[in-house]
Amino acid sequence: MRRGCRRRARPAGSTWRCRVADDEAEITAWALAAGRGDQDAAARFVRATQHQVRRFLAALVSPGEADDLAQETFLRAVRSLSSFAGRSSARTWLLAIARRVAVDHVRAVTARPRTVPMSDGYDGVDLSRSGFDGQIVLEQLIAALPADRREAFVATQVLGLSYAEAAEVCDCPVGTIRSRVARAREDLVAAMDSRAARGPRRGGDAAG
């Protein structure tokens, strides 16, 4: 599998794509082995994917709930590994499970009376004390995107899925993913322009 990528010298971009393809193949091989009962492969599969699963869930729901939802994602995945046939990459399959976990969570939360504040993540950041850190601001803007655009943008632009893989994760046509990503970019540019026009917010204008 790796030999095909090393057959001849390739540009740097192709080398990176080969390395990603090799990683995907290895993760998928671990998932298939785990489905046959290999506990070591199962542990490797979880270690290799847990960061991206948590990052995806943090963007879809909130950072404060991402750990619990990631745990639920892996519980569901482990129960289903025996039926994973490798028709898609294991990462794509796992992120689709994570998305369903997030959807189920949001449905459950909206179906019951709210007794705690909605935000414990991005919205609670005090920009005046963070020095307007660019990453924090970007995360806030992404969190404010409509859910369908947010998940398409995070899947492709943050996690690096192809449009086809993101379409499988989000259960929609590739063209829909392209459209959602394009609109998400437009939303982010407009939001950043709006912030720039307003200027920095100050935490308490002047106490003398």
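- Taking each heavy atom of Leu32 and Phe84 in turn, the nearest pair found is CD2-O, 3.5 Å.
- When the options Ile27, Thr73, Leu81 are evaluated for a side chain to side chain contact (heavy atoms under 4.5 Å, CB included) with Leu94, the one that passes is Thr73.
- The CG atom of Leu145 sits 11.5 Å away from the CD atom of Glu186 when rounded to the nearest 0.5 Å.
- Across all their heavy atoms, Ala98 and Val53 have their closest contact at CB-CG1, 4.3 Å.
- We find that Asp104 and Arg76 are joined by a salt bridge, their nearest charged nitrogen and carboxylate oxygen being less than 4.0 Å apart.
- Under 3.5 Å, the side chains of Glu65 and Ser62 contain a donor-acceptor pair of N or O atoms.
- Counting heavy atoms from C-beta outward, Thr28 and Phe45 have side chains that stay 4.5 Å or more apart.
- Minimum heavy-atom separation, Leu188 to Ile142: CD2-N, 3.9 Å.
- When side chains are defined from C-beta on, Phe153 does not count as touching Arg180, because their heavy atoms never get closer than 4.5 Å.
- Rounded to the nearest 0.5 angstrom, Glu72 CD and Leu57 CG are separated by 10.5 Å.
- Looking only at atom types and distance, the side chain of Ser89 has a donor-acceptor partner in the side chain of Thr92 under 3.5 Å away.
- The closest side-chain heavy-atom distance from Asp38 to Trp30 is not below 4.5 Å.
- Put simply, the side chain of Ser179 never gets that close to the backbone of Gly175: no donor and acceptor are under 3.5 Å apart.
- One hydrophobic cluster, built from ILVMFWY side chains closer than 4.5 Å, holds both Val174 and Val181.
- Between Arg183 and Arg178 there is no side-chain heavy-atom pair separated by less than 4.5 Å.
- Hydrophobic clustering keeps Val103 apart from Leu159 (ILVMFWY residues linked when any side-chain heavy atoms are closer than 4.5 Å, directly or through intermediates).
- Residues Ala34 and Ala41 share a closest heavy-atom pair of N-CB, 3.9 Å.
- When all heavy atoms of Ser80 and Ser83 are compared, the closest pair comes out as O-OG, 2.8 Å.
- Proximity of Val154 to Leu60: side-chain heavy atoms (C-beta onward) are nowhere separated by under 4.5 Å.
- The shortest distance between side-chain heavy atoms of Thr156 and Ser162 does not fall below 4.5 Å.
- Although no hydrogens or angles enter the test, the distance criterion places no donor-acceptor pair under 3.5 Å between the side chain of Arg54 and the main chain of Thr49.
- Residues Asp193 and Val189 have side chains in contact (heavy-atom distance under 4.5 Å, counting atoms from C-beta outward).
- Within a 6.0 Å radius of CG in Asp171, other residues, nucleotides and ligands contribute 12 heavy atoms or fewer.
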Go through the steps to decide whether Leu161 and Glu168 satisfy the test side chain to side chain contact (heavy atoms under 4.5 Å, CB included), and finish with yes or no. CA-CA 10 Å; Leu161 297 185; Glu168 188 169 345; over 6 Å; no

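- Arg44 has a carboxylate O that lies under 4.0 Å from a charged side-chain N of Asp40, or vice versa, which qualifies the two as a salt bridge.
- Considering only heavy atoms from C-beta on, Phe56 comes within 4.5 Å of Val169 through its side chain.
- Once rounded to the nearest 0.5 Å, the distance linking CG of Asp187 with CZ of Arg149 reads 4.5 Å.
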